[in-house]
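Some notes on the structure that comes next.
Predicted model only: the values in this text are computed from it and were never measured. No hydrogens, no waters, no symmetry mates; every other heavy atom, side chains included, goes into these values.
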Amino acid sequence: MKYLVRQIAELLSAEVVGDADAAITTICKIEEGVPGGLTFLSNPKYTHYIYTTRATAAIVNKSFEPEQDVPCTLIKVENSYLAFAKLLNFYQENLPRKVGVSDKACIAPTATIGQNVYIGEFVSIGENAVVGNGASIYPQTVVGDNVRVGDRTTLYAGVKVYAGCEIGNDCILHAGAVIGADGFGFAPHDGQYLKIPQIGNVVIGNNVEIGANTCIDRATMGSTKIEDNVKIDNLVQIAHNVTVGEGTGMAAQVGVAGSAKIGRHCIFAGQAGVAGHITIDDGTVVGAQAGVSHSLKPGMYLGNPAIPLGEERRLIVYRRKLPELFNDVRDLKKKDE
């Protein structure tokens, strides 16, 4: 990688303050800047590093006005965080990608394999499976019978896609993700559990990213649905017959129980839990470790059980005052005695 600052500025439609001909050879964190490095400043907590960084250039917001001399060239944009993300995407897209089918892969004769694909060692692709153009399937991945993998989708090492599931275009599934395992369906009978066959599938839309070791269960009947542009972190559990609406994001260790309906453009922070058979409206934000036991209208929710943000903030204040209240009550009882 070697670019001039002016080339990066052109790519980002940015203004340059400093040496536009400086060479950039790497990307670095602002606090660990190196000569030839490009960094960015977005979080105000890191502003002090801009005055000491050894990076050659930094992407900053147009609103940034230095309070003292800055040792690096500034690339000014409307949104530095977004611009840096775009730049990293550009960098990754221009890295050489693997192409070709390993002779150690096991591909069923009825499978359909697109053009310009990568299929690594010990990949297994089942009967009547379809792998789209430009897809990348890394070693030890299993693509079951009748699975459809879309164009330019990447399945990293050890992904398991059970029979009949569908994955759209431009998706990324990270290592160890399991798509289409049986939903947790059992009928209690005479002190035992009768397994309920899970005969549905999982349907994943376009431009979806699913983190490492995340599990999305197949539906009892019909489909578990992950709509377009959903972003799911590592170690998330999505149960059978759940729908996750377009553009929703879920952080690590979120759990969603069966038949819950998650709206569009929702946000779930880490370890949030959602009960089954409830509906979360579009645009809802659920805080970390919140427990959602009932359907929610749009808004921000915290706590267990999850309640509106304002109510939970008041309860936090009240809880902090409990020791003082306890002491006051104890003193009053002593006076009465």
Side-chain angles (χ1 to χ4, degrees), residues 42-46 61 63 78-82 85 183-184 202-205 207-211 213-217 219-220 222-330:
S42 175
N43 191 329
K45 292 181 180 179
Y46 290 82
N61 291 332
S63 59
E78 293 293 340
N79 184 324
S80 60
Y81 189 72
L82 181 61
F184 192 69
V202 176
V203 176
I204 296 173
N207 195 33
V208 171
E209 183 157 353
I210 296 172
N213 294 321
T214 281
C215 297
I216 302 176
D217 291 347
T220 306
S223 299
T224 301
K225 297 178 182 178
I226 311 297
E227 296 183 354
D228 294 351
N229 300 307
V230 168
K231 308 301 178 187
I232 299 176
D233 200 357
N234 305 327
L235 298 168
V236 170
Q237 162 65 23
I238 306 293
H240 58 263
N241 291 98
V242 167
T243 296
V244 179
E246 180 181 354
T248 284
M250 294 182 173
Q253 298 184 5
V254 166
V256 182
S259 298
K261 307 301 179 189
I262 309 297
R264 303 169 65 215
H265 304 294
C266 296
I267 297 174
F268 291 80
Q271 296 185 335
V274 179
H277 302 277
I278 65 174
T279 299
I280 310 297
D281 281 358
D282 296 350
T284 299
V285 177
V286 178
Q289 297 187 326
V292 182
S293 58
H294 57 277
S295 295
L296 298 180
K297 298 296 183 183
M300 297 183 67
Y301 297 85
L302 290 175
N304 191 356
I307 58 176
L309 176 63
E311 293 180 31
E312 177 62 16
R313 281 177 170 170
R314 286 193 293 271
L315 287 177
I316 290 170
V317 173
Y318 296 152
R319 285 194 289 268
R320 287 175 178 170
K321 293 182 177 180
L322 281 175
E324 179 184 343
L325 178 61
F326 173 83
N327 291 333
D328 290 344
V329 172
R330 183 182 58 189

Side-chain heavy-atom pair [X], [Y] within 4.5 angstrom cut-off:
{"X": "Y301", "Y": "V292", "result": "no"}
{"X": "N43", "Y": "Y81", "result": "no"}
{"X": "I226", "Y": "I232", "result": "yes"}
{"X": "N234", "Y": "N213", "result": "no"}
{"X": "F268", "Y": "I262", "result": "yes"}
{"X": "I204", "Y": "I210", "result": "yes"}
{"X": "V242", "Y": "V274", "result": "no"}

Would you give the length of the straight line joining atom CG of L235 to atom OG1 of T214, rounded to the nearest 0.5 angstrom? 6.0 Å
Once you round to the nearest 0.5 Å, how far does CE of M250 lie from CG of D233?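 The distance works out to 11.5 Å.
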Go through the structure and list residues passing side chain to side chain contact (heavy atoms under 4.5 Å, CB included) with [X], not counting sequence neighbours.
{"X": "N61", "answer": "S63, S80"}
{"X": "R314", "answer": "E311, Y318"}
{"X": "T243", "answer": "K225, E227, K261"}

Counterpart residues, side-chain hydrogen bond (donor to acceptor under 3.5 Å, both in side chains), relative to [X] (two or more places apart):
{"X": "R319", "result": "E312"}
{"X": "D228", "result": "none"}
{"X": "Q271", "result": "Q253, Q289"}

Residues E246, R264: salt bridge by 4.0 Å N-O rule: yes
Evaluation steps, side-chain contact (heavy atoms from CB on, under 4.5 Å), between I238 and T224: CA-CA 9 Å; I238 306 293; T224 301; 4.3 Å; yes
